[in-house]
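Protein chains get the first letters and strands the later ones, always in sequence-line order, with residue 1 at the start of each. From a predicted model like this one, the values you see are computed outputs, not experimental measurements.
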There are 2 protein chains.
Amino acid sequence: MLLSKSCVYGLRASVFLALHADREYIPISEISEKLKISFHFLTKILQLLTQKGLLVSYRGPHGGVALTRPPKEVIIYDVVNAIDGDEIFTGCILSLPGCGNQTPCPMHESWTLVRNKIRTLFLTTSLADLAKGVKDNNLRLVDIEQLISAPADKV
Amino acid sequence: MLLSKSCVYGLRASVFLALHADREYIPISEISEKLKISFHFLTKILQLLTQKGLLVSYRGPHGGVALTRPPKEVIIYDVVNAIDGDEIFTGCILSLPGCGNQTPCPMHESWTLVRNKIRTLFLTTSLADLAKGVKDNNLRLVDIEQLISAPADKV
DNA sequence: TTAATTTAGGACAAAAGAGTCTTAAATATA
DNA sequence: TATATTTAAGACTCTTTTGTCCTAAATTAA
């Protein structure tokens, strides 16, 4: 997988928070139920995003997590970078340490071009962009199977 | 990592075989020594490539492995597909099963564009292309650290 | 025929990723 | 104050990936 499962869950949850940016704090239990992600696992991931400053959290009744900044200002590059690091945006496709312009691997030049397309996409896509897709065109954040079994809960 | 370690090792070994396509069979021990890849691990990976038909193998003295087809005719898409499958060339970036034109995720459209750049790169790059880079421009297949410690063995 | 070389195949171990669970701390409210 | 709610933190388990090792089978050559 290009992105780890943790990263995918973190991204989906971030978009969910963007969809509910008007509300105060959202309990992780609600996110995990709506997105069908294990509560405890998601908790760990969102704790990481909180530590990295992307989310703020609040304990106790009416507590939960929320985006630190408005969804328009959060690029998905930051979410991915916080969870998976920047290897996919900067790394050598043959995983050769020290691959660069000085000592390139045989795919260095062509891969750099493609890699920059990936990087640009993540740098220019905000949580608001993805949330808009979900709202305007009914795009989905959960497994199609789960949509079929409970269409009313579509997120 | 975009590609698994197995896949990276399989690719590096395939380029090595392309570099020595004039010879008969190359023992896996030689590849593992030159590329500094664990012999036993590499053996398993190359067995897989043999099973998939990309390599032919021969047991006994003067045995080893060799490319089934000339390096010019082997695209690296096939090597990656044999080891890691086609998920990176076809999969949803949010790993949502059933993501497609009918039921897209919010990144479906933009990711498909970028993913096709990746796909095209791997479809249009042959082992001969990579081997040429290694030969003509002295590009490398091994870790820079190992090059420094043994520059004469550069591959 | 015997010995050496080499891949095939599978058991096994270590490390990393994914997922579960329990307890502690903070907070709100009755 | 007492209780319920919620995140924080860390131990723990399960699975997958990565890596090691051993034995069998095929082949060559002495």
Side-chain angles (χ1 to χ4, degrees), chain A residues 1-13 17 20 23-68 80 82-85 87-88 95 143, chain B residues 1-13 17 20 23-68 80 82-85 87-88 95 143:
Chain A
M1 285 210 297
L2 184 72
L3 304 177
S4 71
K5 280 209 167 188
S6 293
C7 190
V8 163
Y9 292 162
L11 266 178
R12 293 190 203 165
L17 288 174
H20 298 88
R23 294 169 54 188
E24 285 280 330
Y25 293 98
I26 314 276
I28 300 176
S29 54
E30 180 181 339
I31 310 175
S32 85
E33 278 162 29
K34 292 283 175 57
L35 300 188
K36 314 286 180 191
I37 301 171
S38 148
F39 167 71
H40 291 290
F41 192 34
L42 183 59
T43 294
K44 285 213 305 196
I45 297 163
L46 299 190
Q47 272 172 20
L48 178 61
L49 291 181
T50 302
Q51 285 161 10
K52 298 271 184 174
L54 283 151
L55 304 183
V56 286
S57 66
Y58 200 85
R59 299 189 198 186
H62 313 126
V65 293
L67 291 169
T68 305
V80 171
I83 299 174
D84 276 355
E87 210 228 335
I88 71 159
S95 292
D143 188 336
Chain B
M1 282 209 297
L2 185 72
L3 304 177
S4 71
K5 280 207 168 192
S6 293
C7 190
V8 163
Y9 293 161
L11 266 177
R12 293 190 203 165
L17 287 174
H20 299 90
R23 292 168 55 189
E24 286 279 331
Y25 292 99
I26 314 278
I28 299 175
S29 56
E30 180 181 338
I31 309 175
S32 86
E33 280 163 26
K34 293 283 176 56
L35 299 188
K36 316 283 182 193
I37 302 171
S38 148
F39 168 71
H40 291 290
F41 193 35
L42 184 59
T43 295
K44 285 212 304 195
I45 298 162
L46 298 190
Q47 271 171 22
L48 178 60
L49 290 182
T50 302
Q51 285 160 10
K52 298 273 185 174
L54 282 151
L55 304 182
V56 285
S57 65
Y58 201 86
R59 298 189 198 186
H62 312 125
V65 293
L67 293 168
T68 305
V80 171
I83 298 174
D84 276 355
E87 209 227 335
I88 70 159
S95 294
D143 187 338

Judged by nearest nucleotide, the residue sitting upstream toward the 5' end of DNA chain D, A:Gln47 or B:Leu3, is A:Gln47
Counting only side-chain N and O atoms of A:Tyr25, is one of them less than 4.0 Å from OP1 or OP2 of C:dT27? no
side-chain N/O A:Ser6 vs C:dA18 OP1/OP2, d < 4.0 Å: yes
Atom CG of A:Leu54 and atom P of D:dT7: how far apart are they, to the nearest Å? 17 Å
Evaluate the side-chain proximity of B:Leu2 to A:Ile88: yes if any heavy-atom separation is below 4.5 Å, no if none is. no
So which heavy atom on A:Ser4 is nearest to which on A:Asp84, and how close? OG-OD1, 2.6 Å
Does any part of the side chain of B:Arg12, heavy atoms only, come nearer than 4.5 Å to the side chain of A:Ser95, both counted from C-beta? yes
Just N and O in the side chain of A:Ser57: are any of them under 4.0 Å from OP1 or OP2 of D:dA8? yes
Side-chain N,O (A:Lys5) to OP1/OP2 (C:dG19) below 4.0 Å: yes
Rounded to whole angstroms, how far apart are CG on B:Leu55 and C1' on C:dT6? 15 Å
Counting only side-chain nitrogens and oxygens, does A:Gln51 get under 4.0 Å of the OP1 or OP2 atom of D:dA9? yes
What is the distance, rounded to the nearest whole Å, between atom CZ of B:Arg59 and atom P of D:dA29? 18 Å
Would you say C:dG19 has OP1 or OP2 under 4.0 Å from some side-chain N or O of A:Tyr9? yes
Would you kindly compare A:Thr50 and A:Lys44 by the position of their nearest DNA chain D nucleotide and give the one closer to the 5′ end? A:Thr50
Send over the distance from A:Met1 CE to D:dT16 C1', rounded to a whole Å. 12 Å
Atom CZ of B:Phe41 to atom C1' of D:dT17: distance rounded to whole Å? 7 Å
Between D:dT7 and A:Thr43, is there an OP1 or OP2 to side-chain N/O distance shorter than 4.0 Å? no
Which whole-number value in Å describes the distance from A:Ile28 CD1 to D:dA8 P? 6 Å
Write down the distance between NE2 (B:His62) and P (C:dA4), rounded to a whole number of angstrom. 15 Å
Nearest heavy-atom neighbours spanning B:Ser32 and B:Ser38: CB-C, 4.4 Å
Would you say A:His40 reaches D:dT7's phosphate, i.e. side-chain N/O to OP1/OP2 under 4.0 Å? no
Return whichever of B:Leu46 or A:Phe39 has its heavy-atom-nearest nucleotide of DNA chain C closer to the 5' end. B:Leu46
d(OH, B:Tyr58; C1', C:dT6) in whole Å: 11 Å
The criterion is salt bridge (Lys or Arg N to Asp or Glu O under 4.0 Å); which residues satisfy it with B:Glu30, sequence neighbours excluded? B:Arg23, B:Lys34
